[in-house]
2 protein chains.
Amino acid sequence: MYQYEYPHPAVTVDSVVFGLDNEELKILLIRRKLEPFKGAWALPGGFVQMDESLDDAAKRELMEETGVEKLYLEQLATFGKPDRDPRERVITVAYVAIVNLFDHTVKADSDAEEAGWFPVEDPPELAFDHIKILAAALNRLQGKIRYQPLVFEFLPEKFTLSQVQKLYETVLCRPLDKRNFRKKIQGTGMVIPLDEYEMDVSHRAARFYYFDRKAWEEKSGEGFHFSI
Amino acid sequence: MYQYEYPHPAVTVDSVVFGLDNEELKILLIRRKLEPFKGAWALPGGFVQMDESLDDAAKRELMEETGVEKLYLEQLATFGKPDRDPRERVITVAYVAIVNLFDHTVKADSDAEEAGWFPVEDPPELAFDHIKILAAALNRLQGKIRYQPLVFEFLPEKFTLSQVQKLYETVLCRPLDKRNFRKKIQGTGMVIPLDEYEMDVSHRAARFYYFDRKAWEEKSGEGFHFSI
DNA sequence: TATTGTAAGTGTCGTATATACACTACTCCT
DNA sequence: AGGAGTAGTGTATATACGACACTTACAATA
C-alpha cells in the first residue's frame, strides 16, 4: 500500500495510433478485459510507472500492445475531468502515434488482448471519454500534416507520388489537383526520385520516390515550412 | 492519509502568464516560500484538487495568485520526467495564459507571496524545469499569434494600430512593414475603426480601433485564418 | 497484333497574395 | 515659424496558387 498526505490522482497515457491500411486511415483499438467498460473498445494505454517519463510510458505501452518499436509519437493533450473514470480520479496524457503498416507488421491480436484497426470515420463506441481524445487527435493530424512531413510516417521507404496524394486526400477529406500537388511536393526538394518503377501493374508503372529526412531535419531548423 | 494499491504521482498545474508591460513582453513569476528551491522564482501553480478539472485548477491558482478573473488560458503540454521534483514524482500540466494589464490590475505582490513581472528575454533562474516550460510556452505564443488573434488579449478594448504592430514585433522579434501590416490587419475585417483619437499626445493623434470578437467567433468556425 | 482499360505523368495562364519602398499629415513644443 | 515625433497612405513587382486536358506506358483481352 502506498500512502500520501494528500489525495493523488492516477495518471495514465493513452495513444491514438493512426495507420494506413488498404489506403484507408485507421486507428488501433483494444478491447477492454476489465471493468469499467468491460468489453468496450478503448485506446491503447495504461498507467505511468513511477520511474519512467510520459513519453517512455507511451512507448512502452505501445510496444507491449503492438510490438512496434519504430513509430512516430507526439504528445497531444492531457484530459482530466474529475469524473472521466468511475473508479477513481484518473488523469490521462494523450499521445498521437503513427505506425507504418508497410514496413512493420503489427501484432493486432496479441496473447491476452483483442485488438483491431478501425476506420477513423466510424469507430465503434469507445470507453471513457476516448471519443473526445480521438477527435482531438484527428484534428491535430489534419492540422499538422499540412506543414510537417507526417505523411511519410505512414508510407514505406519507397513510395509513389500517387500514394502520397491519396494519403493527403484521405486525411484532409478533400480532393487535390494532381499537377499542383506534384509541383508542390517536388518543390520541397525533399522528395527525391529513384530510378525504380512499380512492377507487375496492369498500367503504366509509377516511379518510386523517397523522403530525404536529413534535408528536412536541417531545413526545419529555421523557417522552412513544408506546406501542402 | 490517503492509501492506494499502486503508487500515484502528484499532479500540478503551472502557468506561463504573459502580459504586456511598458511595451515589453513579460511573464509573471512567484518567489517560492518553501523547499525545494526555496527563495527561487517559479511559475505560478499548484496541486490539482480532486474535484476540479485541470482547466479549473489552472484558473483557480491564477485567481488566487493574481486576482485576475478574465484571462486567456490554454493548455500547453504536460511535463513528467521522473526526477523533475526532488520530493516525489510530480507531473505538471502546463498552461499558457495572457492577462490584460491595461484593463486589470494584477496584485503582483499579494499577502503572502512575492510576485513580479520579468522580461521574457532574460528571466531569473527558475525552479524545477520551469525554464523548459517557459521555452515551450514562448514557442507556442510565437507560433499561434500568427494565425490566431491572440494579440488582443494583451491590449485594451480600444487600441491603436501602432500598438498592435509593436506587440507583434515584440513577440515575433522582427520588424514589420507599417503599410503592409495595416493592410493585412484591416483586411481581416475584424479590426474596426472608432471615431475616437488619442488625446494629449505631443504628435499626431492615432485613431482607436477595436477587435470584433463576434465576427471572429463566427468566421473562425470554418476555414478563416487570421494570419499576419 | 490490335484494341481497350487503367493509372502515370506533364505545362500554361490568369488571379491572388506578399513584398519592397517614401512621402505627407497632424500635433505640440520651443 | 519651424522642428520633433508619430500617424497615416498607394503602387509596382515578384511570387504563389488554382484551374484546367491531353499524352504515355503497361498489360490484359479480343
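Hydrogens, waters and symmetry mates play no part in the numbers below; they use all other heavy atoms, side chains included. Naming: A, B, ... by sequence-line order, numbering from 1 per chain.
Atom NE2 of His203(A) is separated from atom C1' of dA7(C) by 5 Å (rounded to the nearest Å). Here the C1' atom of nucleotide dT10(C) and the CG atom of Asp177(A) are 12 Å apart, to the nearest Å. Rounded to whole Å, atom P of dA8(C) lies 14 Å from atom CD of Gln186(A).
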Which side-chain N or O atoms in residues 192-199 of chain B pair as donor and acceptor under 3.5 Å with protein atoms at least two apart or in another chain?
| residue | atom | partner | partner atom | Å |
| --- | --- | --- | --- | --- |
| Asp195(B) | OD1 | Arg207(B) | NH2 | 3.0 |
| Glu196(B) | OE1 | Lys158(B) | NZ | 3.2 |
| Glu196(B) | OE2 | Lys158(B) | NZ | 2.9 |
| Glu198(B) | OE1 | Ala206(B) | N | 3.1 |

Please table the atom pairs, donor to acceptor, closer than 3.5 Å between any side-chain atom in residues 178-185 of chain A and protein atoms at least two apart or in another chain.
| residue | atom | partner | partner atom | Å |
| --- | --- | --- | --- | --- |
| Asn180(A) | OD1 | Lys183(A) | NZ | 3.3 |
| Asn180(A) | ND2 | Asp177(A) | OD2 | 3.4 |

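Listed for the Thr66(B) side chain is a donor-acceptor partner under 3.5 Å among the backbone atoms of Val68(B). A donor-acceptor pair is defined here as one N or O able to donate and one able to accept, closer than 3.5 Å; no such pair exists between the side chain of Gln148(A) and the backbone of Phe226(A). Judged purely by atom type and a 3.5 angstrom limit, Thr188(B) uses its side chain to pair as donor or acceptor with the backbone of Met190(B). Between the side chain of Asp212(A) and the backbone N or O of Lys214(A) there is at least one donor-acceptor pair closer than 3.5 Å. Looking at Glu65(A), its side chain never comes within 3.5 Å of a backbone N or O of Leu62(A) through a donor-acceptor pair.
In this view, Phe118(A) and Trp41(A) satisfy the ring-ring contact (aromatic ring centres under 6.0 Å, His included) rule, not counting sequence neighbours. By the salt bridge (Lys or Arg N to Asp or Glu O under 4.0 Å) test, Arg60(B) pairs with Glu52(B), Glu64(B), sequence neighbours left out.
Near DNA chain D, meaning a heavy atom under 4.0 Å from it, residues 189-202 of chain A has Val201(A), Ser202(A) in order of number. The stretch residues 148-161 of chain B has no heavy atom under 4.0 Å from DNA chain D, so no residue of it qualifies as close. Within residues 164-174 of chain A, no residue has any heavy atom under 4.0 Å from DNA chain D. Contacts between residues 204-212 of chain A and DNA chain C, counted as heavy-atom distances below 4.0 Å, involve Arg204(A), Ala205(A), Ala206(A), Arg207(A).
Here side-chain hydrogen bond (donor to acceptor under 3.5 Å, both in side chains) pairs that include residues 132-142 of chain A, with residues two or more places apart or in two chains, are Glu74(A)-Arg140(A). Residue pairs meeting the side-chain hydrogen bond (donor to acceptor under 3.5 Å, both in side chains) criterion with at least one member in residues 93-103 of chain A, sequence neighbours excluded, are Asp55(A)-Tyr95(A).
Residues Asp14(B) and His130(B) share a closest heavy-atom pair of OD2-NE2, 3.6 Å. Between Pro149(A) and Trp216(A), the shortest heavy-atom contact is CD-CZ2, 3.4 Å.
The line from CG of Leu25(B) to CD of Glu121(B) is 8.0 Å long, rounded to the nearest 0.5 Å. Atoms OG1 and CZ, on Thr160(B) and Phe208(B) in that order, are 7.0 Å from each other to the nearest 0.5 Å.
Taking the side chain of Arg179(A) as heavy atoms from C-beta on, and the options dA21(D), dC21(C), dA7(D), the nearest nucleotide is dA21(D).
Aromatic ring centroids of Phe102(A) and Phe154(A) lie 6.0 Å or more apart.
Residue Arg182(B) places at least one side-chain N or O under 4.0 Å from the OP1 or OP2 atom of dG8(D).
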Checking Phe159(A) against Phe152(A) for the ring-ring contact (aromatic ring centres under 6.0 Å, His included) test, could you report, in this order, the C-alpha distance in whole Å, the side-chain angles of both residues, the deciding distance, and whether it holds? CA-CA 9 Å; Phe159(A) 48 79; Phe152(A) 307 110; 5.3 Å; yes

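Exactly one residue among Lys33(A), Arg31(A), Arg32(A) makes a salt bridge (Lys or Arg N to Asp or Glu O under 4.0 Å) with Glu114(A). That residue is Arg31(A).
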Going 5' to 3' along nucleotides 12-18 of chain D, which nucleotides have protein heavy atoms under 4.0 Å from the base (write B), which only from the sugar-phosphate (write S), and which from neither (write -)? ------B

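Within the helix from dT1(C)-dA30(D) to dT30(C)-dA1(D), the inter-axis angle between the opening and closing five-pair segments is 10°, rounded to 10°.
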